[in-house]
Amino acid sequence: MSGFFKNAFLIAKKDLYSELRTRQVLGTMIIFSGLVILVFSFAFDPAQNTTKAVIPGVIWVIIVFSGILGLNRSFISEQRNDTMQALLISPMDPSSIYFGKLLANFTMILIVELVSVPFLFLLFDFHSIGSVGYFLLVLFLGSFGFISIGTFLAALAANSKSSEMLLPLLLFPVTSPILIGAVQATKIILSNIEKLPDAVAWMQLIGAYDVIFFVLCLILVEYVMEV
Amino acid sequence: MEACAEKEKVPVFFERKSSLEKALFIGAAAGLLISFYLIFIWSPIEKTMGLVQKIFYIHVASASTAFIAFFIVFVFSLLFIIKRKRIFDTYAKVSAEIGLVLTTIVLTTGPIWAKSSWNTWWAWEPRLTTTLILWFIYMAYFMIRQMDGVWEKKARLAAVFGMIGFIDVPIVFFSIRWWQSKFHPIVFGAGPSQQGGGVDERMLVTLLVTIFAVLLLYGYLLLKGVALEGMKITLNHRKEKIRERLIQ
Amino acid sequence: MTYLVVAYSIVWLIMFGYIYSLGKKQTKLLKEIEFLKEMENEH
């Protein structure tokens with residue numbers, strides 16, 4: 001068991017370190033999230049008060065779309081560098097490779113959120129967060145679920161030549177419960193804090209989804225990453 | 001090579017039809033004819049919705065059979081992952097195909113019914129929305145199957161996704177129902193519960209007969225599709241053999 | 001009434017479309033089998 005975590009941390013460290021050296025993916029993700037915000041400011045007039053209602057949705061659109069960019073890279077880059085085979089034949093469990101990749105992707109999406117969400121609030125002049133703690137919690141839970149199933153499906157899609165196109169098709173329908181739950185919970189926390197029990201219930205749903213799919217992916221990833 | 005052939009073995013009905021297939025064909029045809037009679041002539045016309053309510057029978061029957069088809073996909077995916085026999089993969093593939101056809105029927109009859117009774121083409125009603133997401137999930141399932149590479153890889157990946165997708169369905173349904181109930185306190189019912197306690201007995205019988213008939217049709221199509229897939233696989237093997245002989 | 005007719009015709013269109021595609025697949029396969037049989041006889 002300690003080997004599992006050791007290997008996973010090793011993989012995560014490797015991915016993050018190579019990301020730190022090249023700064024390809026993270027930079028792209030952050031710039032992309034800025035562009036999404038820009039596009040949204042054209043689509044919904046930031047000067048109008050009604051725009052505040054779409055902010056929870058925009059947050060999750062940013063996370064989902066920039067997350068897809070990072071997920072696409074996480075296994076493709078291994079294949080481009082011909083290191084996928086090496087990873088598979090190394091004395092590591094597929095589940096620890098998966099967990100390591102998950103940790104790396106999760107760290108990256110958290111960094112993207114750390115930059116883009118304050119930026120969004122700033123640009124849309126939004127400064128009435130009901131409860132910062134709960135807001136962070138819902139971001140954490142939602143991103144974890146999205147990234148855990150996303151990393152798994154990225155490993156699956158990496159077997160295809162057109163995996164960049166395949167991944168969104170696989171990922172969006174499967175993660176729809178997270179997206180519904182996260183947007184609803186964020187909406188309540190940001191603008192309707194009196195209804196906090198509802199938000200907590202949504203977070204419980206996301207939490208349950210996270211646990212179910214994380215465990216399921218750990219079990220099934222062995223069959224996705226066969227040599 | 002021999003072991004591989006053993007693994008890929010699929011029972012083939014070349015020119016002869018299995019008796020089960022024949023029985024299912026007759027059953028499905030008879031069942032559908034009977035259900036037609038029951039739907040259009042025997043069952044009473046619903047008071048508030050009128051004739052349009054008769055869409056309900058085929059709509060619900062297709063939906064429940066589609067759900068069973070996807071459950072079968074799940075079962076055979078699991079079996080394939082454990083046993084790695086090609087026959088299980090073939091069953092899962094054909095079942096998903098029929099499930100997709102049935103879901104398409106649900107998704108076209110649903111809006112027509114919605115238009116006539118709620119005067120809107122689409123309502124984000126939990127069951128209908130879940131069906132839509134289900135449709136997308138199994139479309140993605142076929143995208144995996146269209147990947148390039150050997151069948152074993154495609155079958156393995158599709159089986160994994162088939163299991164993930166099916167486990168996702170109840171969660172999707174639950175979350176959508178919850179989401180919708182926050183906005184529309186009045187839940188539209190698409191099922192028999194809509195008529196409250198007063199479901200006409202004849203309506204119920206008609207519904208059950210229709211469901212049974214569609215199930216038989218599903219069974220027939222499943223066997224037929226599997227036989228066709230089996231034919232295709234054997235044919236490819238033979239082609240390969242002839243090709244080898246011609247090269248020599 | 002029109003809705004009912006439209007709905008049922010779509011249902012049967014989809015169903016027959018699917019069955020037709022199966023049938024087409026079958027005839028194609030049978031043709032190939034015939035072709036292969038001829039080839040096997042020739043050699």
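Any value given below was found using the heavy atoms of this structure, including those in side chains, with hydrogens, waters and symmetry copies removed. Note on naming: letters A, B, ... go to the chains in the order of the sequence lines (proteins, then strands), and numbering restarts at 1 for each one.
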Trainee: Please identify, among A:L153, A:L220, A:N159, the residue contributing the most non-hydrogen atom pairs under 4.5 Å to chain B.
Mentor: A:N159

Trainee: Can you tell me if CZ on B:F71 sees more than 12 non-hydrogen neighbours from other groups inside 6.0 Å?
Mentor: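 It does not: B:F71 CZ has 12 such atoms or fewer within range.
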
Trainee: Which value, rounded to the nearest 0.5 Å, describes the distance between B:M163 atom CE and A:L216 atom CG?
Mentor: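 These two atoms lie 7.0 Å from each other.
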
Trainee: Measure from the side-chain N and O atoms of A:K161 to the backbone N and O of B:D148, and report whether any donor-acceptor pair falls under 3.5 Å.
Mentor: no

Trainee: Please classify the contact of B:M139 with chain A as side chain, backbone, both or neither, using a heavy-atom distance under 4.5 Å.
Mentor: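 Contact with chain A: none, neither part.
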
Trainee: Using a cut-off of under 4.5 Å on heavy-atom pairs, state which of B:I133, B:L157, B:L134 scores highest against chain A.
Mentor: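 Looking at each option in turn, the highest pair count goes to B:L157.
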
Trainee: Of all the heavy-atom pairs spanning A:W202 and B:S175, show the shortest one and how long it is.
Mentor: CH2-O, 3.5 Å

Trainee: With chain B, which of A:V221, A:V224, A:T175 has the greatest number of heavy-atom pairs at distances under 4.5 Å?
Mentor: A:V224

Trainee: Among the options B:V169, B:I144, B:I164, pick out the one with the most heavy-atom pairs lying under 4.5 Å from chain A.
Mentor: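 Going by pairs under 4.5 Å, I would pick B:I164.
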
Trainee: Side chains of B:F136 and A:L169, heavy atoms from C-beta outward: is any pair under 4.5 Å?
Mentor: no

Trainee: Is B:W179 close to A:V183 at the side-chain level, that is, under 4.5 Å between some pair of heavy atoms?
Mentor: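 A:V183 does not reach B:W179 side chain to side chain.
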
Trainee: Should we say atom OH of A:Y134 is surrounded by more than 12 heavy atoms from elsewhere, each under 6.0 Å from it?
Mentor: no

Trainee: Measure the CZ-CZ distance between B:F161 and A:F152 for me, rounded to the nearest 0.5 Å.
Mentor: 9.5 Å

Trainee: From A:L170 CG over to B:M143 CE, what is the distance, rounded to the nearest 0.5 angstrom?
Mentor: 9.5 Å

Trainee: Show the numbers, then the answer: is there a side-chain contact (heavy atoms from CB on, under 4.5 Å) between A:L166 and B:M147?
Mentor: CA-CA 9 Å; A:L166 187 60; B:M147 231 182 243; 3.8 Å; yes

Trainee: Heavy-atom distance under 4.5 Å to chain A: side chain of B:F173, backbone, both or neither?
Mentor: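 When you check distances to chain A, no heavy atom of B:F173 falls under 4.5 Å.
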
Trainee: If you draw a 6.0 Å radius around CZ in B:F212, do more than 12 non-hydrogen atoms from other residues or ligands fall strictly inside?
Mentor: no

Trainee: May I ask you to check whether over 12 heavy atoms, not counting those of B:F76, lie within 6.0 Å of atom CZ?
Mentor: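 Counting neighbours around CZ of B:F76, more than 12 heavy atoms of other residues, nucleotides or ligands fall under 6.0 Å, so yes.
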
Trainee: Less than 4.5 Å to any heavy atom of chain B: does that hold for the side chain of A:S160, its backbone, both, or neither?
Mentor: both

Trainee: Atom OH of A:Y223 and atom CD1 of B:I82: how far apart are they, to the nearest 0.5 Å?
Mentor: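 So the gap between those two atoms works out to 7.5 Å.
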
Trainee: Let's go through A:F213 and B:I171 carefully: what are the C-alpha distance in whole Å and the side-chain angles of both, what is the deciding distance for side-chain contact (heavy atoms from CB on, under 4.5 Å) to 0.1 Å, and is it a yes or a no?
Mentor: CA-CA 11 Å; A:F213 277 92; B:I171 310 177; 3.7 Å; yes

Trainee: Checking A:I149 against chain B: side chain, backbone, both or neither under 4.5 Å from a heavy atom?
Mentor: side chain

